[in-house]
Amino acid sequence: MALASRYPDVEIPDLSVPEFVLAGGASRPDAPALVDGLTGDSITHGQLAGYIDRVAAALAARGLRKGDVVAVLCPNTMWYPVVFHGIAKAGCVMSPINSLYTAHEVAFQLKDSGAKVLVTVSPFLDRALEAVEQSPVDEVIVMDGAEGHASLLDLITSDAPSVQVDIDPANDLVTLPYSSGTTGLPKGVMLTHRNLVANVAQCRPLIQLGEDERIIAVLPFFHIYGLTVLMNQGLAWGGAVVTLPRFDLEQFLRTIQDQKITRAFVAPPILLAMAKHPMVDQFDLSSLTSILSGAAPLDEALAQAAEARLRKGADTGVTVGQGYGMTELSPVSHTTPDRGGEPAGFTGEIPKGSVGLAIPNTECRLIDPATGEDAAPGERGELWVRGPQVMKGYLNNPTATAETLDDEGWLHTGDVAVVDENGIYTVVDRVKELIKYKGYQVAPAELEAVLVGNPSIADAAVIGVKDEESGEELPKAFVVKAPGAEITEDEVMEFVSSRVAPHKKVRSVEFIDQVPKSAAGKILRKDLKARA
Ligand code: 4UU
């Protein structure tokens, strides 16, 4: 049984992502659109439109055509949105790469996506060039400039003619982020212009961003949460997005204070600091009205503690809420509404540990994994989602697509949820392989492939084990030694950490005689979880 959203459907503008997003600031060209949180430098909405036009023209002049993939390996700066929307306006597809990836991980994404151009920054250039040697990339653009490479300045001062690419929002891709989904290795998630436009429009009744809103963007734009919720949502309603290149608590708090930030969209580790760290009291955070957490489960008591601490008066001050999403959902399907943004006739409370309500145009099902049938009211089930934010599929991978997205358009999330009589959802478990570390994806299959690449390791399986103290899930490897091989736990961990980004490190190791597998050869992760 499909459970409808409690909100009436919203209209989804039939526009490309840049057209939709730039419309938001069109009436206030002199207002800031992007602010560098470190220097205070800014780009106005008017300048943003102009720069995007130039980047698109320069890319087209290089011979890039509709559907070509341009990868971006860059931390958050106020220029990242210029690059993304420039690529999108040229009809190309932006594939965002995690800034912390090793050259090998970067190369995997460049090859798999077929990227023709890589845009990066000079501090990452060595890593980028190492990756490019193993991939089909024709050109590396270095935003801040480097000998022998075009820079962003070259692009935005290009005198190439403007381009008007004919974009079909419902079918043409705009971005290709990577996600492991419910199983296996990372895959390119095909998201269309319409997916991203829809998701911003769908959040509107719940998250009522105003023009004078100032949003802190410390979560990375290379993750879909940063791209849609921070960047595009912030810009689309005419507000200002204030960028920080990495999370540093003091810098984060100072930026909220000095830049009069009104909204923060974060992941649980940042909320933990807001609730507990003594430094928080040294800053004036009174401009802040709302903090939304997402990307991993938010502890109810922690959310309450953060809200109590930051709330100045009884009914004023900040509210702490939670959203739920997935790369394959562009990413939002559920979120906590602002005060006053509840659906008509809503009288209940929104418990802090919940992920709020299904956003408009979104249907849900909760499926009992044991029976494959709809769970009884109030019972837990795997969350299925259907709506205009559901991906088109995985790139070049019809098998994985069919396993996740069924014929009726339901995206099987691999997360387990319950819904109460008010339509409030709570995510209670995860049945897929995926491990989340500080909100980042860790795909067990990827670590297993790295592990068995060691000649001393005959077989391996990786699961997430919850650390009670931090609340984080820590990747744990079960390792079968090769006959006669000598290898220690520390050596196993070092072997992995030299090959993967820091968030994917294996954080504990146990040697076992055999990896438990089904008759079909699938790792029985449940058995390993029980053992851990
Ligand atoms: C329990 O993490 C994301 C998207 C996060 C997001 C985006 C917009 C959250 C709120 C918001 O407003 O995407 P992925 O693809 O990196 O990871 C998806 C997985 C989910 O399947 C789920 O297992 O991350 C987990 N997850 C959560 N789990 C995401 N949000 C939550 C949550 N509680 N609130």
Side-chain angles (χ1 to χ4, degrees), residues 96 98 175 177-183 186-189 191 195-196 199-200 202-204 206-207 209 215 217 219-234 263-271 290-300 302-303 320-338 350-359 362 380 382-385 389-391 394 404 411-418 424-443 464 466 471-473 503-504:
N98 188 316
T175 187
Y178 273 66
S179 163
S180 68
T182 55
T183 182
K187 297 171 275 290
V189 179
L191 298 177
N195 286 147
L196 263 55
N199 209 222
V200 171
Q202 287 173 284
C203 288
R204 183 65 161 165
L206 291 86
I207 303 177
L209 284 176
I215 296 140
L219 291 194
F221 293 141
F222 62 68
H223 186 252
I224 192 69
Y225 184 6
L227 190 71
T228 296
V229 176
L230 280 71
M231 178 200 296
N232 288 338
Q233 177 180 241
R263 302 249 185 185
F265 297 92
V266 302
I270 299 184
L271 213 67
S290 147
I291 307 180
L292 269 180
S293 171
L298 175 63
D299 180 68
E300 181 171 356
L302 176 66
V320 173
Q322 184 176 199
Y324 163 84
M326 186 168 159
T327 308
E328 291 80 348
L329 293 170
S330 302
V332 188
S333 62
H334 294 75
T335 196
T336 310
D338 289 347
I350 301 184
K352 281 280 174 269
S354 78
V355 295
L357 295 120
I359 61 177
T362 300
R380 49 171 66 197
E382 185 192 358
L383 175 66
W384 291 10
V385 176
Q389 72 272 54
V390 172
M391 67 166 177
Y394 292 117
T404 309
L411 191 285
H412 301 195
T413 66
D415 293 303
V416 180
V418 290
I424 306 290
Y425 287 77
T426 302
V427 177
V428 293
D429 199 5
R430 194 186 294 136
V431 286
K432 57 186 164 187
E433 287 174 13
L434 178 68
I435 301 167
K436 273 286 173 109
Y437 181 75
K438 301 208 163 159
Y440 290 109
Q441 289 202 3
V442 181
K466 186 154 177 183
E472 283 294 343
E473 268 179 285
H503 63 277
K504 296 185 194 167

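We count ligands from 1, going down the list as the structure has it; atoms in each ligand are counted the same way. Keep in mind the model is a prediction, meaning the values are calculated, not measured. The analysis underlying the following values was restricted to heavy atoms, covering all of them including side chains, and did not include hydrogens, waters or symmetry mates.
The shortest distance between side-chain heavy atoms of V416 and L383 does not fall below 4.5 Å.
In summary, E472 and K466 do not engage in a salt bridge, as defined by a charged side-chain N under 4.0 Å from a carboxylate O.
Using the six-membered ring where Trp is involved, Y324 and H334 have ring planes that are perpendicular, over 60° apart on the 30 and 60° scheme.
Shown are D415, T404, T183; of these, the side chain to side chain contact (heavy atoms under 4.5 Å, CB included) with K432 is made only by D415.
Remark: K187 pairs with no residue by the salt bridge (charged side-chain N to carboxylate O under 4.0 Å, His left out) rule, at least two apart or across chains.
Residues Y225 and V266 share a closest heavy-atom pair of OH-O, 2.8 Å.
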May I have a table of the N/O to N/O pairs between ligand 1 and the protein that fall below 3.5 Å, each row giving the two atom names and the distance to 0.1 Å?
unit_1: ligand 1; atom_1: 2 (O); unit_2: K436; atom_2: NZ; d: 2.7
unit_1: ligand 1; atom_1: 13 (O); unit_2: T327; atom_2: N; d: 3.4
unit_1: ligand 1; atom_1: 15 (O); unit_2: T327; atom_2: N; d: 2.8
unit_1: ligand 1; atom_1: 15 (O); unit_2: T327; atom_2: OG1; d: 2.6
unit_1: ligand 1; atom_1: 15 (O); unit_2: Q441; atom_2: NE2; d: 3.0
unit_1: ligand 1; atom_1: 16 (O); unit_2: H223; atom_2: NE2; d: 2.8
unit_1: ligand 1; atom_1: 16 (O); unit_2: K436; atom_2: NZ; d: 3.0
unit_1: ligand 1; atom_1: 16 (O); unit_2: Q441; atom_2: NE2; d: 3.4
unit_1: ligand 1; atom_1: 17 (O); unit_2: K436; atom_2: NZ; d: 2.8
unit_1: ligand 1; atom_1: 21 (O); unit_2: D415; atom_2: OD2; d: 2.5
unit_1: ligand 1; atom_1: 21 (O); unit_2: K432; atom_2: NZ; d: 2.6
unit_1: ligand 1; atom_1: 23 (O); unit_2: D415; atom_2: OD1; d: 2.6
unit_1: ligand 1; atom_1: 23 (O); unit_2: D415; atom_2: OD2; d: 3.3
unit_1: ligand 1; atom_1: 23 (O); unit_2: R430; atom_2: NE; d: 2.9
unit_1: ligand 1; atom_1: 24 (O); unit_2: K436; atom_2: NZ; d: 3.1
unit_1: ligand 1; atom_1: 30 (N); unit_2: A295; atom_2: N; d: 3.2
unit_1: ligand 1; atom_1: 34 (N); unit_2: Q322; atom_2: OE1; d: 2.9
unit_1: ligand 1; atom_1: 34 (N); unit_2: G323; atom_2: O; d: 2.8

